[in-house]
2 protein chains.
Amino acid sequence: MFTSKLRIMAEAKNQLFDSDLQELAQLFKALGHPARLQILKFLASKNACFTGDISDEVPLGRTTVNQHLAELRKAGLIQGTVQGVKTNYCINPSVVKHLEEMGKDFFDGLSIIECTDC
Amino acid sequence: MFTSKLRIMAEAKNQLFDSDLQELAQLFKALGHPARLQILKFLASKNACFTGDISDEVPLGRTTVNQHLAELRKAGLIQGTVQGVKTNYCINPSVVKHLEEMGKDFFDGLSIIECTDC
DNA sequence: TAATTTTGACGTAAACATACGTCATTTATA
DNA sequence: TATAAATGACGTATGTTTACGTCAAAATTA
């Protein structure tokens with residue numbers, strides 16, 4: 001099909017990298033827009049799934065917000081289930097936790113020392 | 001000037017967001033490519049600045065790697081100083097630490113609970 | 001049942017990112 | 001001093017992201 005071929009082409013170079021790095025980069029990328037961070041924050045602030053239109057909470061148009069929601073969904077960070085005419089959105093705790101751990105491991109693994117010669 | 005005007009236009013919508021979210025998103029975005037994660041890892045693995053061509057360490061062409069280096073530099077995560085014909089690259093520990101802390105705060109602030117109704 | 005609400009799907013313009021080739025410059029080295 | 005090495009600057013093709021408008025379908029509500 002059309003899109004899958006494009007996807008393969010787009011990610012062809014990514015295949016050259018360690019799969020852990022690929023996965024982590026993809027998750028970081030999903031966090032790489034303030035709207036998406038705000039959406040995650042908002043969803044987490046509810047003590048349940050949020051039912052309704054999240055674009056009321058984000059300073060962007062509804063369709064744009066929907067696109068960011070789709071992005072977060074694609075990354076696995078949130079779930080969205082239809083319930084009647086409304087849609088339930090909530091955070092996917094396991095994926096967020098996984099990201100948190102991978103991120104922590106990444107930074108711990110860096111073991112950065114102050115550089116003296118530059 | 002030309003580029004700055006474009007930049008302002010491009011980031012116009014970002015201005016609508018909380019500045020903390022903007023900053024964090026920008027840093028996460030810089031981490032959103034496996035090549036950049038690998039570069040950070042590699043630079044951290046040296047116990048000093050690395051002098052020379054990092055493209056030997058990353059499965060991409062030299063100019064592409066240079067572009068990723070510029071990206072990391074723009075985000076403040078690394079420094080690069082010219083030394084004769086070679087260039088010294090090293091991690092900017094304070095910015096990495098700052099990112100680490102902002103990231104931690106973000107995730108801690110989420111206080112995610114398992115959702116029962118979806 | 002007709003109107004309204006809610007939402008995803010689709011299209012699209014503009015900006016950005018990715019990957020790389022080529023060129024110019026700067027500094028060592030033969 | 002000529003040659004080679006290292007690197008940034010620039011150009012460019014292709015693909016992706018962002019932002020939003022419009023449409024259509026599904027489900028309420030009047």
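Naming: A, B, ... by sequence-line order, numbering from 1 per chain.
- Within the 4.5 Å cutoff, no side-chain heavy atoms of B:Asn88 are placed close to those of B:Val82.
- The shortest distance between the side-chain N/O atoms of A:Lys29 and the OP1/OP2 oxygens of D:dT17 is below 4.0 Å.
- Among residues two or more places apart in sequence or in another chain, the salt bridge (Lys or Arg N to Asp or Glu O under 4.0 Å) test is passed with A:Asp56 by none.
- Residues that satisfy the salt bridge (Lys or Arg N to Asp or Glu O under 4.0 Å) test with A:Lys104, not counting sequence neighbours, are A:Asp108.
- Rounded to a whole Å, the CG atom of B:Asn14 is 10 Å from the C1' atom of D:dT18.
- Here the P atom of nucleotide D:dC20 and the NE2 atom of A:His68 are 9 Å apart, to the nearest Å.
- In terms of modelled atom types and a separation under 3.5 Å, the side chain of A:Gln22 and the main chain of A:Phe17 share a donor-acceptor contact.
- Atoms CG (A:Leu16) and C1' (C:dC20) sit 14 Å apart, rounded to a whole Å.
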Atom pairs and distances, donor-acceptor, side-chain atoms in residues 57-73 of chain A, under 3.5 Å, two or more places apart:
| unit_1 | atom_1 | unit_2 | atom_2 | d |
| --- | --- | --- | --- | --- |
| A:His68 | ND1 | A:Arg36 | NH1 | 2.9 |
| A:Arg73 | NH2 | A:Gly80 | O | 3.0 |

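- Residues B:Ile113 and B:Ser111 are not in side-chain contact: their nearest non-hydrogen atoms beyond the backbone lie 4.5 Å or more apart.
- For the pair B:Leu72 CG and C:dA17 P, the computed distance is 13 Å after rounding to whole Å.
- Nucleotide C:dG21 holds its P atom 13 Å from the CD atom of B:Gln67, rounded to whole Å.
- The stretch residues 32-44 of chain B does not touch DNA chain D, since none of its heavy atoms comes less than 4.0 Å from the strand.
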Nucleotide by nucleotide, nucleotides 2-9 of chain C touches protein heavy atoms under 4.0 Å in the pattern (B base, S sugar-phosphate only, - none) ---BBBBB
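- The salt bridge (Lys or Arg N to Asp or Glu O under 4.0 Å) test applied to A:Glu100 returns no partner, not counting sequence neighbours.
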Test log, rule side-chain contact (heavy atoms from CB on, under 4.5 Å), inputs B:Leu31 and A:Leu24: CA-CA 9 Å; B:Leu31 301 181; A:Leu24 188 55; over 6 Å; no
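- With rounding to whole Å, B:Leu60 atom CG is found 13 Å from C:dA17 atom C1'.
- The CZ atom of A:Phe28 sits 20 Å away from the C1' atom of D:dT17 (whole-angstrom rounding).
- Here the side chains of B:Val96 and B:Leu77 are in contact, with some heavy-atom distance below 4.5 Å.
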